[in-house]
Peer 1: 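Next up is a structure, given as C-alpha cells.
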Amino acid sequence: MNSTETKQSVAPATVDQDERIQRVSFWKKALNRPELGALAGAVLVLAFFIAASSGTGMFTPAGIINFLEVAAQLGIIATAAALLMIGGEFDLSIGSMIGLAGILIAIPAVEYGWPLWAAILLAFACAGLVGWINGNLVNKTGLPSFIVTLGFLFILRGLAIGTSRLLTGRTQVGGVQDHIPGDWFAALFSGEVATGLFSWMAANGWMATNFAGNPTVTGIPVSIVWWLGLTAVATWVLLCTPYGNWIFASGGDANAARNSGVPVHRVKISLFMFTAFSATIFACIQVMDTGSADTIRGLLKELEAIIAVVIGGALLTGGYGSAIGAALGALIFGMVQMGIFYTGVNTDWFQVFLGVMLLVAVLFNNYMRKKAMEAK
C-alpha cells in the first residue's frame, strides 16, 4: 500500500474525531440547558403580572423587593435541594430542620443567656449532625432517601415541639431581637445591605421617599444576598470543579461513578449536610427578622423547594439540573405568591397554581430532553 492509499484510509477516522469538536449551534446548546424551561416560565409570569398588576405597586422598588425576598427565602433551600437532587437524592426533612434550628437558636439565647453567636453555632452543629446521619443511613442501609428523610421529617419536628415544651412550656419563643444588637454573627443573618446607596439615591431624587424624607426602600434584605451568593457558589461548583462532576456522576449512575473512582458516599453525605445547613441559614434569617422562633415554621418548605428545583429543570431521577434553574423556579414562586396578593386574586388558588406548575414543568422538561437528544 502506497502513502496516498494510507492517507485515504485514515481520512474517515480523522473526520469522525473532528466531529466531536465541531461548533454547536446556539439552539442545540439552549436545548441542553436545564434552566431553559424555567427561564421561559419566568418571562411569561413576569409579562403576565406586568399586564395584570398595572397600577398596584408590584413593580415599584418596594414591590420588587417584596417578591424578591419571598423568592430568596425559598431559593436558599432550593439551591441546596437542587444539588442533592442532581446527586440523585431527596431530603424531605428540610422544613422540619428549619423549625428545629429556630428553636435551637432561640431557647439557649433567651432562656439561658447564651450569646446569640453561640446559639447559632449550636444550630449549625446540630444541622451538620442531622445531614451526616441522613447521608450515612441512605448509604449504608440502601434505603431510598425519600423514606429516610421522611422519617426525619417527623423526628425533627417532634424534637422541636418536645424540646420547646419541655424547656419553656410553649411552642413559641420570643425575645430574640433583644440579643441581636452588637452580636457579630447575628449581623450576617439580619438587616439590610447597601443602605447608604439607597439613601444617596433618595437624596438625589432617583428613588421615591416617604413623608419623613426617607427612601421607600432602605436597602436590600440580607436574605437576597444569601440567595444570590449561594446560587453563584453552587453554579461555580457544578460547572467549574471536579466536585461538581462528581455530583452529576453520582446522580446519573452511582455504580459507574463509583467504579470510576468517584467517592459517591462522601459526595452524598456532604450534599445532605448542605441541605441541613441551608435550612439553618433560612431559620437564622427568619428568627432574626421576626425576633422569635416557632416549632411550626418551615412546614411544607421541603415540597416547595422540590417544586422550585423541578420547575428549574432538574430531573427527578438525578444527574441533570442546575442551581440557576432552581433560582429561577424560586423567582417564579415569589412573583406568583406576591402577584396574587397585588392583583387581589383569592390566595386560596395559590396551591392550585403550584400543582399545575409542577406537572407542566415535568412534562416540559421531558419534552425538551427528547428534543435535545434528537438534536444531537
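Since the model is a prediction, treat every value here as computed from it, not as a measurement.
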Peer 1: Applying salt bridge (charged side-chain N to carboxylate O under 4.0 Å, His left out) as the test, list every pair that has at least one member in residues 297-314; sequence neighbours left out.
Peer 2: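 Applying salt bridge (charged side-chain N to carboxylate O under 4.0 Å, His left out) to every pair that reaches into residues 297-314, excluding sequence neighbours, yields Lys301-Glu304.
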Peer 1: Under the side chain to side chain contact (heavy atoms under 4.5 Å, CB included) test, which residues partner Asn245, sequence neighbours left out?
Peer 2: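 For Asn245, no residue satisfies side chain to side chain contact (heavy atoms under 4.5 Å, CB included) once neighbours in sequence are set aside.
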Peer 1: Sequence neighbours excluded, which residues qualify as side chain to side chain contact (heavy atoms under 4.5 Å, CB included) partners of Leu122?
Peer 2: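 Here the qualifying residues are Pro108, Trp114, Cys126.
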Peer 1: Taking only residues at least two apart or on different chains, which pairs with a member in residues 105-114 satisfy salt bridge (charged side-chain N to carboxylate O under 4.0 Å, His left out)?
Peer 2: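 Pairs touching residues 105-114 that pass the test: Glu111-Arg170.
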Peer 1: Output all residues satisfying side chain to side chain donor-acceptor pair (under 3.5 Å) with Arg165, sequence neighbours left out; order by chain, then residue number.
Peer 2: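 Applying side chain to side chain donor-acceptor pair (under 3.5 Å) to Arg165 gives none.
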Peer 1: Please enumerate all residues that pass ring pair (Phe, Tyr, Trp, His ring centres under 6.0 Å) together with Phe90, with sequence neighbours excluded.
Peer 2: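 In terms of ring pair (Phe, Tyr, Trp, His ring centres under 6.0 Å), with neighbours along the sequence ignored, Phe90 is linked to no residue.
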Peer 1: Tabulate below the donor-acceptor pairs under 3.5 Å that side-chain atoms of residues 251-261 make, not counting sequence neighbours, or state none.
Peer 2:
| unit_1 | atom_1 | unit_2 | atom_2 | d |
| --- | --- | --- | --- | --- |
| Asp253 | OD1 | Asn255 | N | 3.3 |
| Asp253 | OD1 | Ala256 | N | 3.1 |
| Asn255 | OD1 | Arg258 | NH1 | 3.1 |
| Asn259 | ND2 | Asn255 | O | 3.2 |
| Ser260 | OG | Ala256 | O | 2.9 |

Peer 1: Taking only residues two or more places apart in sequence, or in another chain, which ones meet Ser322 in a side chain to side chain donor-acceptor pair (under 3.5 Å)?
Peer 2: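 Applying side chain to side chain donor-acceptor pair (under 3.5 Å) to Ser322 gives Glu35.
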Peer 1: According to salt bridge (charged side-chain N to carboxylate O under 4.0 Å, His left out), does anything in residues 307-326 pair up with another residue at least two apart or in another chain? List the pairs.
Peer 2: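 Salt bridge (charged side-chain N to carboxylate O under 4.0 Å, His left out) check on residues 307-326 returns no pairs.
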Peer 1: Suppose we screen for side chain to side chain contact (heavy atoms under 4.5 Å, CB included). Which residues come up paired with Leu166, at least two apart in sequence or across chains?
Peer 2: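 For Leu166, no residue satisfies side chain to side chain contact (heavy atoms under 4.5 Å, CB included) once neighbours in sequence are set aside.
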Peer 1: Using side chain to side chain contact (heavy atoms under 4.5 Å, CB included) as the criterion, list what pairs up with Val45, not counting sequence neighbours.
Peer 2: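 Val45 satisfies side chain to side chain contact (heavy atoms under 4.5 Å, CB included) with Phe49, Ile332, Met335, Val336 only.
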Peer 1: Which pairs, with at least one residue in residues 241-266 and sequence neighbours excluded, count as a ring-ring contact (aromatic ring centres under 6.0 Å, His included)?
Peer 2: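 Passing the test, one end in residues 241-266: no pairs.
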